[in-house]
Protein chains: 2
Amino acid sequence: MWSAEENVSLLNDAVLRRETLVFFARCSIRYSGRAESYVEEGERVFLIKSDGALIVHQPTGNAPLNYMKPDTSHSFFVENNILKLKSTNITMKEFLEATISKILFFNSEKLNDGQTIIVQGTEEDMSEMLMERPELVEEGFKPVSREEQTKYGFVDVLGIDKNDVLTVVECKRYCADLSAVTQLRRYVEKIMVSKGIANVRGILAAPKITENAQKMLEDWGFKFVSVNPPKYLENFNKKQAKLDFF
Amino acid sequence: MWSAEENVSLLNDAVLRRETLVFFARCSIRYSGRAESYVEEGERVFLIKSDGALIVHQPTGNAPLNYMKPDTSHSFFVENNILKLKSTNITMKEFLEATISKILFFNSEKLNDGQTIIVQGTEEDMSEMLMERPELVEEGFKPVSREEQTKYGFVDVLGIDKNDVLTVVECKRYCADLSAVTQLRRYVEKIMVSKGIANVRGILAAPKITENAQKMLEDWGFKFVSVNPPKYLENFNKKQAKLDFF
DNA sequence: GGGGAGAGATGCCGC
DNA sequence: GCGGCATTTCTCCCC
């Protein structure tokens, strides 16, 4: 038979020792902070990290059910013979309480990982590629600066077209939508005002663009250019994919 | 001594039985799909869900290190005496490979959870509140419709002010930024065109607004109203907070 | 499935 | 810390 009391100190000790704690539990969860949430009893996976971060997952789905940021303090205790986990982040004014009817299993361990992930094919990689290969934007395009700061935001690539007209290029690594067009529009307007130039072009560089965004782009006299974000590891992975298929 | 071979079938079986599998492992990870990533060897938490979702966490931080969507297929195998996990999502054209030098522990179990989380204090709750208490927008404001999606776009609240001028209200549950203003601007312009009315007002309702956004709002003749999203469970949690403090 | 927008968005960088 | 913005954003809703 499972008993709440005998687990409380083990769980609290694991947290105090700053181990990485994982457990499966049947529980209901209440949260309050930036918003408020409640979920009825079900079986979930809990992960408490060494920095105090808490992540709760249901047995399906990509996103966590509930979570608490790093530097949250956690306390297991028994109240009216019921095990509870109370997680408090004072600075963020956030609170989470799990009412646990059963712990199905738990384990904790000191984990070491000082590595940082490297991601390629980002929007930044894209704008770098356009700086190096300006012909991808259009014939005769000459980049002037990258990531130019304006009061109203960053400009990915600023350049001059073949007719010496100042041109703002906004990159999107995904299918460009309405907000991408309004963002470009915002930059073009800002450059016009700050530089005192009436004729500034806007180019949106992305793999593709939605129909409505294309229409709004045309309404504002801007141009779409189809560009894919660079993927330097593609060859390696194509081989892997083929091995998976056959 | 730990041996790779003896764990392979246990791990694969757990996935095949659609259990929720969790394990700690020292590994490096390569991913390719929408982007590409690589991370050197470190100790991490793996979670494979019953629907095929994979989530990998480092021992600190809120966000996952790597992940794969539901309906990904997973295969553990030994290659050159090294344990590997290969995860493939054919439809999304995504691939992940973990090269595992050591499994520190693993456990799997069939978890049951059919519950759905309830969240309150959302933007939708906010616009509902403004429909019920229009005086929060401004004195004399009369709401006409909420969430008019089909005809005029995703306008949160559409109404008429005390001078019978058509007014678009855009809600934000957080501090309103530049994109909130451009979004409002887009809606106002759309309404002007579709209704053929030159005089349409725009109001941005949010807890607060950034300085630049305020300036842009004024440039476009729009108005800011400070409104907080409703939190119905606030009383319960205030009590909890006090108990935590003292 | 695509499009549009919110999210307890998160995380990063710059000022 | 605020601000502006990308994200393997994710998720939901609606067409």
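In what follows, every chain begins at residue 1, and chains take the letters A, B, ... in the order their sequences are listed.
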Quiz item: Are A:R186 and D:dG4 close enough that a side-chain N or O sits under 4.0 Å from OP1 or OP2?
Solution: no
Quiz item: How is B:S179 classified with respect to the nucleic acid when contacts are heavy atoms under 4.0 Å: base, sugar-phosphate, or nothing?
Solution: nothing
Quiz item: Is B:R34 near enough to D:dC10 that one of its side-chain N or O atoms lies under 4.0 angstrom from OP1 or OP2?
Solution: yes
Quiz item: Any side-chain N or O of A:N212 under 4.0 Å from OP1/OP2 of C:dG4?
Solution: yes
Self-check item: Rounded C1' spacing from D:dT7 to C:dA5 in Å
Solution: 16 Å
Quiz item: Pick one: which of A:D51, A:D113, A:T116, A:T20 meets side-chain hydrogen bond (donor to acceptor under 3.5 Å, both in side chains) with B:Q58?
Solution: A:D113
Self-check item: For DNA chain C, the residues among residues 51-68 of chain A that have a non-hydrogen atom under 4.0 Å from it
Solution: A:N66, A:Y67
Exercise. Report the distance from atom NZ of A:K69 to atom C1' of C:dG8, rounded to the nearest whole Å.
Key: 8 Å
Quiz item: Is A:Y31 stacked on the base of C:dG8, with ring centres under 5.5 Å apart and planes under 30° apart?
Solution: yes
Quiz prompt | Residues A:E36, B:K231: salt bridge by 4.0 Å N-O rule | solution = no
Quiz prompt | Closest non-hydrogen atom pair between A:P207 and A:S226, with its separation | solution = O-OG, 2.9 Å
Quiz prompt | For A:D125, all residues meeting side-chain hydrogen bond (donor to acceptor under 3.5 Å, both in side chains), sequence neighbours excluded | solution = A:T122
Quiz item: Over how many whole Å does the gap from B:D156 atom CG to C:dA7 atom P extend?
Solution: 9 Å
Quiz item: How would you list, by chain and number, every residue that makes a side-chain hydrogen bond (donor to acceptor under 3.5 Å, both in side chains) with A:R34, sequence neighbours excluded?
Solution: A:E94
Exercise. Look at the side chain of B:T210 and decide which nucleotide, out of C:dA7, D:dG3, C:dG3, has an atom nearest to it.
Key: D:dG3
Exercise. May I have the distance from B:E124 (atom CD) to D:dC12 (atom P), rounded to whole angstrom?
Key: 13 Å
Quiz item: Considering only side-chain heavy atoms of A:Y187, which listed nucleotide, D:dC5, C:dA5, C:dG8, is closest?
Solution: D:dC5
Quiz item: Has the side chain of A:E94 got a donor or acceptor atom sitting under 3.5 Å from an opposite partner on the base of C:dG8?
Solution: yes
Quiz prompt | Rounded C1' spacing from C:dA7 to D:dC5 in Å | solution = 16 Å
Quiz prompt | Stems formed with participation of DNA chain C [Watson-Crick or G-U wobble, under 3.5 Å, three or more pairs] | solution = C:1-7 with D:9-15, C:9-15 with D:1-7
Quiz item: Rounded to the Å, how far apart are B:I117 CD1 and C:dA9 P?
Solution: 13 Å
Self-check item: Test side chain to side chain donor-acceptor pair (under 3.5 Å) applied to A:K86 and A:H74, step by step
Solution: CA-CA 6 Å; A:K86 191 172 281 189; A:H74 307 279; over 6 Å; no
Quiz item: In whole Å, what is the span from the OH atom of A:Y174 to the P atom of D:dT11?
Solution: 18 Å
Quiz item: Can you tell me if the side-chain N/O atoms of B:Q183 get under 4.0 Å from OP1 or OP2 in C:dG4?
Solution: no
Quiz prompt | A:K69: side-chain hydrogen bond (donor to acceptor under 3.5 Å, both in side chains) partners, not counting sequence neighbours | solution = none
Practice problem: Not counting sequence neighbours, which residues clear salt bridge (Lys or Arg N to Asp or Glu O under 4.0 Å) with A:R18? List them please. | Solution: none
Quiz item: Between D:dG4 atom P and A:E170 atom CD, what is the distance in whole Å?
Solution: 15 Å
Quiz prompt | Nearest-angstrom distance, P atom, D:dT11 to C:dG11 | solution = 16 Å
Practice problem: Figure out the CZ/P separation between B:R30 and D:dT8, and round it to whole Å. | Solution: 17 Å
Quiz item: Can you list the residues that meet the side-chain hydrogen bond (donor to acceptor under 3.5 Å, both in side chains) rule with A:R173, with sequence neighbours excluded?
Solution: none
Quiz item: D:dC5 P sits how many Å from B:D177 CG, rounded?
Solution: 8 Å
Quiz item: Which nucleotide, D:dT7, C:dG3, C:dG6, lies nearest any side-chain atom of B:E123?
Solution: C:dG6
Quiz prompt | With B:I117 via side chain to side chain contact (heavy atoms under 4.5 Å, CB included) - residues at least two apart | solution = A:S37, A:V39, A:L65, A:N66, B:V119
Quiz item: Taking only residues two or more places apart in sequence or in another chain, which ones pass salt bridge (Lys or Arg N to Asp or Glu O under 4.0 Å) with B:K208?
Solution: none
Quiz prompt | Along DNA chain C (nearest heavy atom to each residue), the more 5'-positioned of A:L96 and A:C175 | solution = A:C175
